[in-house]
Amino acid sequence: MSQFAKITQTAHFVPEFIVTNDDLAQMMDTSDEWIKQRTGIEKRHISTKLNTSDLCINVANQLLKKADIQANELDFVII
């Protein structure tokens, strides 16, 4: 019997607080254009109250619901 692992669901969760490049330009000597040119980043989601584990729990609950399974049915989780 062959055993294998497969990805069956994906999900994501980001904090609500957003910092744009323009926001950063007001705090330091930079610009939206300079940041985008070098990194491709336009905005970032910042967590001020949630820990990484809180973000993971939110995603895990989404995945369990999407897959219609219970947590005790999983062998392992990759984060």
Side-chain angles (χ1 to χ4, degrees):
M1 175 177 180
S2 171
Q3 298 256 345
F4 65 94
K6 64 181 179 178
I7 297 171
T8 60
Q9 303 292 329
T10 61
H12 74 281
F13 178 79
V14 293
E16 291 182 15
F17 182 59
I18 295 173
V19 176
T20 66
N21 293 343
D22 289 328
D23 295 332
L24 291 178
Q26 292 176 15
M27 295 182 267
M28 57 186 78
D29 185 24
T30 190
S31 69
D32 174 62
E33 182 181 339
W34 189 92
I35 296 170
K36 271 197 289 196
Q37 246 179 7
R38 287 159 180 79
T39 68
I41 296 171
E42 295 181 12
K43 64 182 179 181
R44 67 260 329 122
H45 293 261
I46 306 293
S47 177
T48 57
K49 297 179 183 176
L50 298 173
N51 295 315
T52 302
S53 58
D54 298 319
L55 304 176
C56 292
I57 288 168
N58 190 295
V59 170
N61 287 331
Q62 287 181 54
L63 292 170
L64 291 170
K65 185 175 180 177
K66 285 171 73 172
D68 194 28
I69 60 173
Q70 299 297 311
N72 63 1
E73 296 178 58
L74 299 174
D75 293 324
F76 61 91
V77 176
I78 299 173
I79 300 174

Given side chains that start at C-beta, do those of L74 and I69 come closer than 4.5 Å, heavy atoms only? yes
Got more than 12 heavy atoms from elsewhere within 6.0 Å of CD, E73? yes
Would you say N72 has more than 12 foreign heavy atoms packed within less than 6.0 Å of its CG? yes
For K66, the side-chain hydrogen bond (donor to acceptor under 3.5 Å, both in side chains) test, sequence neighbours excluded, returns none
Ignoring hydrogens, what is the shortest heavy-atom contact between H45 and P15? Give both atom names and the distance. ND1-O, 2.8 Å
Heavy-atom count around E33 CD within 6.0 Å, excluding the residue itself: above 12? no
Measure the OG1-CG distance between T39 and N21 for me, rounded to the nearest 0.5 Å. 6.5 Å
Among the clusters formed by ILVMFWY side chains lying less than 4.5 Å apart, do F4 and I7 turn up in the same one? no
Of R44, K43, E42, the residue whose pairing with I18 passes side chain to side chain contact (heavy atoms under 4.5 Å, CB included): K43
Point-to-point distance, once rounded to the nearest 0.5 Å, from CD1 of I41 to CD1 of I35: 8.0 Å
F13 and V19: same hydrophobic cluster, using ILVMFWY side-chain contacts below 4.5 Å? no
Only pairs under 3.5 Å count here: list side-chain donor-acceptor contacts from residues 53-61, not counting sequence neighbours, and write none if there are none.
residue : atom : partner : partner atom : Å
D54     : OD2  : N51     : N            : 2.8
N58     : OD1  : Q62     : NE2          : 2.9
N61     : ND2  : I57     : O            : 3.3

Taking all atoms of both residues into account, what is the closest heavy-atom pair of S31 and A25, and its distance? CA-CB, 4.0 Å
Please check if L50 and V14 belong to a single hydrophobic cluster, counting links between Ile, Leu, Val, Met, Phe, Trp and Tyr side chain heavy atoms closer than 4.5 Å. no
So, for L64 and Q70, which heavy atoms are closest and what is the spacing to 0.1 Å? CD2-C, 3.9 Å
